[in-house]
Amino acid sequence: MRVKPSLPKEGIPPILKAENRFLHPKFGWVSITFHPQGLPVRHVVTHGGKRVVGSFPSIKMGRTMPWDSFGERALIHWFEFDNSRVGYLMQPHVLQWSAAGKTYTYVPDAISEGALDLTVHEVKKIHPRVHDAECELDRYAMAASIYAFCGLGFEIVTEGQLTSNAAKLLNYKELAGARFTKFGLAEELVVREYLTAVGEVVMLSNLIAHLAGMLGKSEAVARSVIFAMAVRRILAFDLEKRITPVSSVRLIAPRAPSMRLLNFWENAND
């Protein structure tokens with residue numbers, strides 16, 4: 001199930017607040033409640049117990065993001081390293097509505113922001129339609145209708161869909177390993193000036209050699225710096241294919257867009 005957001009004419013979803021309450025034409029009063037600081041609204045125990053759980057220190061969000069399934073972990077990796085996603089929250093809000101005399105409460109696995117969209121995500125080991133979970137699908141269909149009404153997209157993805165590309169997973173692993181590599185304005189200017197001079201796209205090996213030479217550092221250090229810049233959305237790779245020395249590196253000029261909606265706790269929009 002995938003529902004694209006019904007965006008306003010200007011192409012920008014409505015500004016979010018911690019408390020969002022509105023009248024839906026089919027379900028009456030509906031509420032979408034976020035944690036005031038964008039933290040998970042569903043507590044995730046990241047140690048002990050029989051479930052596989054953990055957390056991921058996010059550069060993109062500047063905080064640790066919890067996960068309580070391999071599917072959620074794969075979702076975080078996609079959000080973190082894909083340039084189409086500018087921000088995300090895990091277990092982000094409580095959605096409440098009523099239908100046919102019954103009250104429904106739903107906490108999705110994640111919500112992510114793109115340049116022109118805001119999408120709610122539910123990740124499953126097996127898609128509900130495979131085991132004919134009609135009641136579950138009905139609940140998701142109602143939630144999708146509510147999200148579409150207020151300009152949000154909705155999708156159900158499976159763990160298999162998120163982990164089917166081995167090259168992408170290996171790229172994520174390399175980017176994750178380099179994401180805390182430190183660099184400053186000098187390193188960024190060297191890369192920006194070089195890429196601008198050659199047309200904003202260059203072969204990775206050439207960029208590594210140039211950066212190492214300019215900084216007087218090893219090519220291994222230069223490679224880590226370049227990968228860290230990719231995590232910070234200064235540079236971009238085609239992550240669908242394995243990153244190699246001959247891979248193209250693209251400059252995101254002037255900079256990748258930043259969050260406008262999912263950092264609502266920083267915005268005076270109440």
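These numbers were taken from a predicted model, which means no experiment stands behind them.
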Could you go step by step and tell me if Ile32 and Val94 meet the side-chain contact (heavy atoms from CB on, under 4.5 Å) rule?
CA-CA 6 Å; Ile32 301 177; Val94 178; over 6 Å; no
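- Arg73 contributes no side-chain N or O that, together with a main-chain N or O of Ser69, makes up a donor-acceptor pair within less than 3.5 Å.
- The hydrophobic clustering, which links ILVMFWY residues whose side-chain heavy atoms are closer than 4.5 Å, places Phe79 and Phe180 together.
- Heavy atoms only, all atoms of each residue included: Pro66 and Glu72 are closest at O-OE1, 4.2 Å.
- Note: His210 and Tyr194 have parallel aromatic rings, judged against thresholds of 30 and 60 degrees for the angle between ring planes.
- Rounded to the nearest 0.5 angstrom, Thr244 OG1 and Met203 CE are separated by 9.0 Å.
- Centroid-to-centroid, the aromatic rings of Tyr104 and Phe27 stay 6.0 Å apart or farther.
- Under a hydrophobic clustering in which Ile, Leu, Val, Met, Phe, Trp and Tyr are joined whenever their side-chain heavy atoms come within less than 4.5 Å, directly or via other members, Leu169 and Phe237 fall into the same cluster.
- Looking at every heavy atom in both residues, Arg139 comes nearest to Thr105 through NH1-O, 3.7 Å.
- Heavy atoms only, all atoms of each residue included: Met90 and Ala110 are closest at SD-CB, 3.7 Å.
- Linking Ile, Leu, Val, Met, Phe, Trp and Tyr residues whenever their side-chain heavy atoms come within less than 4.5 Å leaves Leu189 and Val198 in two separate clusters.
- In the model, Arg85 has a side-chain atom that pairs as donor or acceptor with a side-chain atom of Ser112 under 3.5 Å.
- Not one N or O on the side chain of Glu193 forms a donor-acceptor pair closer than 3.5 Å with the backbone of Val190.
- Contact of the Trp97 side chain with the His24 side chain is not registered, since no non-hydrogen atoms from C-beta on lie closer than 4.5 Å.
- A continuous path of hydrophobic side-chain contacts links Ile59 to Val191 [ILVMFWY only; heavy atoms under 4.5 Å].
- Taking both residues in full, the closest heavy atoms of Pro108 and Pro92 are given as O-CD, 3.3 Å, listed atom of the first, atom of the second, then distance.
- Taking 4.5 Å as the limit, every side-chain heavy atom of Val201 sits out of range of all side-chain heavy atoms of Val249.
- Residue Leu89 is not grouped with residue Leu39 when hydrophobic side chains (ILVMFWY) are merged at heavy-atom distances under 4.5 angstrom, including chains of intermediate members.
- Separation of atoms OG (Ser248) and CG (Leu207) is listed at 11.5 Å; rounding is to 0.5 Å.
- Counting heavy atoms from C-beta outward, Phe183 and Val221 have side chains that stay 4.5 Å or more apart.
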Check against ring-ring contact (aromatic ring centres under 6.0 Å, His included), Phe154 and His121:
CA-CA 6 Å; Phe154 178 77; His121 307 267; 8.7 Å; no
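- Gln91 and Asp109 share no side-chain donor-acceptor pair at under 3.5 Å.
- Side-chain contact between Phe56 and Thr64: absent, with no pair of heavy atoms (C-beta onward) separated by less than 4.5 Å.
- For the residue pair Val225 and Leu211, the shortest heavy atom distance occurs at CG1-CD2, 3.9 Å.
- Side-chain atoms of Tyr88 and Glu80 form a donor-acceptor pair, as typed in the model, at a separation below 3.5 Å.
- The shortest distance between side-chain heavy atoms of Phe227 and Thr181 does not fall below 4.5 Å.
- Annotation: the span from Ile243 atom CD1 to Leu204 atom CG amounts to 7.5 Å, rounded to 0.5 Å.
- Rounded to the nearest 0.5 Å, atoms OG1 (Thr33) and CD (Glu19) are 4.0 Å apart.
- Ser145 places no side-chain N or O within donor-acceptor distance of the main-chain N or O of Ala141, the cut-off being under 3.5 Å.
- Aromatic ring pairs are classed by plane angle as parallel below 30°, tilted from 30° to 60° and perpendicular above 60°; the pair His77 and Tyr172 is perpendicular.
- Going from atom OG of Ser84 over to atom CZ of Arg233 covers 10.0 Å, rounded to the nearest 0.5 Å.
- Between the side chain of Arg250 and the backbone N or O of Val202, no donor-acceptor pair lies under 3.5 Å.
- For Asn171 (side chain) and Ala167 (main-chain N/O), a donor-acceptor pair under 3.5 Å exists by modelled atom type.
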Please assess His93 against Val120 for the test side-chain contact (heavy atoms from CB on, under 4.5 Å), listing each intermediate value before the final yes or no.
CA-CA 10 Å; His93 61 250; Val120 177; 4.1 Å; yes
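- A salt bridge links Lys124 with Glu122: the closest approach of a Lys/Arg side-chain nitrogen to an acidic carboxylate oxygen falls below 4.0 angstrom.
- Environment of CE in Met142: crowded, with over 12 heavy atoms of neighbouring residues, nucleotides or ligands closer than 6.0 Å.
- Proximity of a side-chain donor or acceptor of Lys125 to a complementary backbone N or O of Phe70 within less than 3.5 Å is not detected.
- Between the CZ atom of Arg232 and the CZ atom of Arg179 there is a distance of 9.5 Å, given to the nearest 0.5 Å.
- Heavy-atom minimum distance, Ala236 versus Asn83: CB-ND2, 3.2 Å.
- Applying the salt bridge (Lys or Arg N to Asp or Glu O under 4.0 Å) test to every pair with at least one member in residues 219-231, sequence neighbours left out, gives these pairs: Glu174-Arg223.
- Side chains of Tyr147 and Thr119: no donor on one and acceptor on the other come within 3.5 Å.
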The test is side-chain contact (heavy atoms from CB on, under 4.5 Å); show your working for Leu251 and Leu235 and say whether it passes.
CA-CA 5 Å; Leu251 178 65; Leu235 301 174; 4.1 Å; yes
Do Leu239 and Phe81 pass the side-chain contact (heavy atoms from CB on, under 4.5 Å) test, and can you show the C-alpha distance, the side-chain angles, and the key distance before you say yes or no?
CA-CA 9 Å; Leu239 297 179; Phe81 302 122; 4.3 Å; yes
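- Asn165 contributes a side-chain N or O that, together with a main-chain N or O of Glu240, makes up a donor-acceptor pair within less than 3.5 Å.
- Between Thr158 and Ile126 the shortest side-chain heavy-atom distance does not fall below 4.5 Å.
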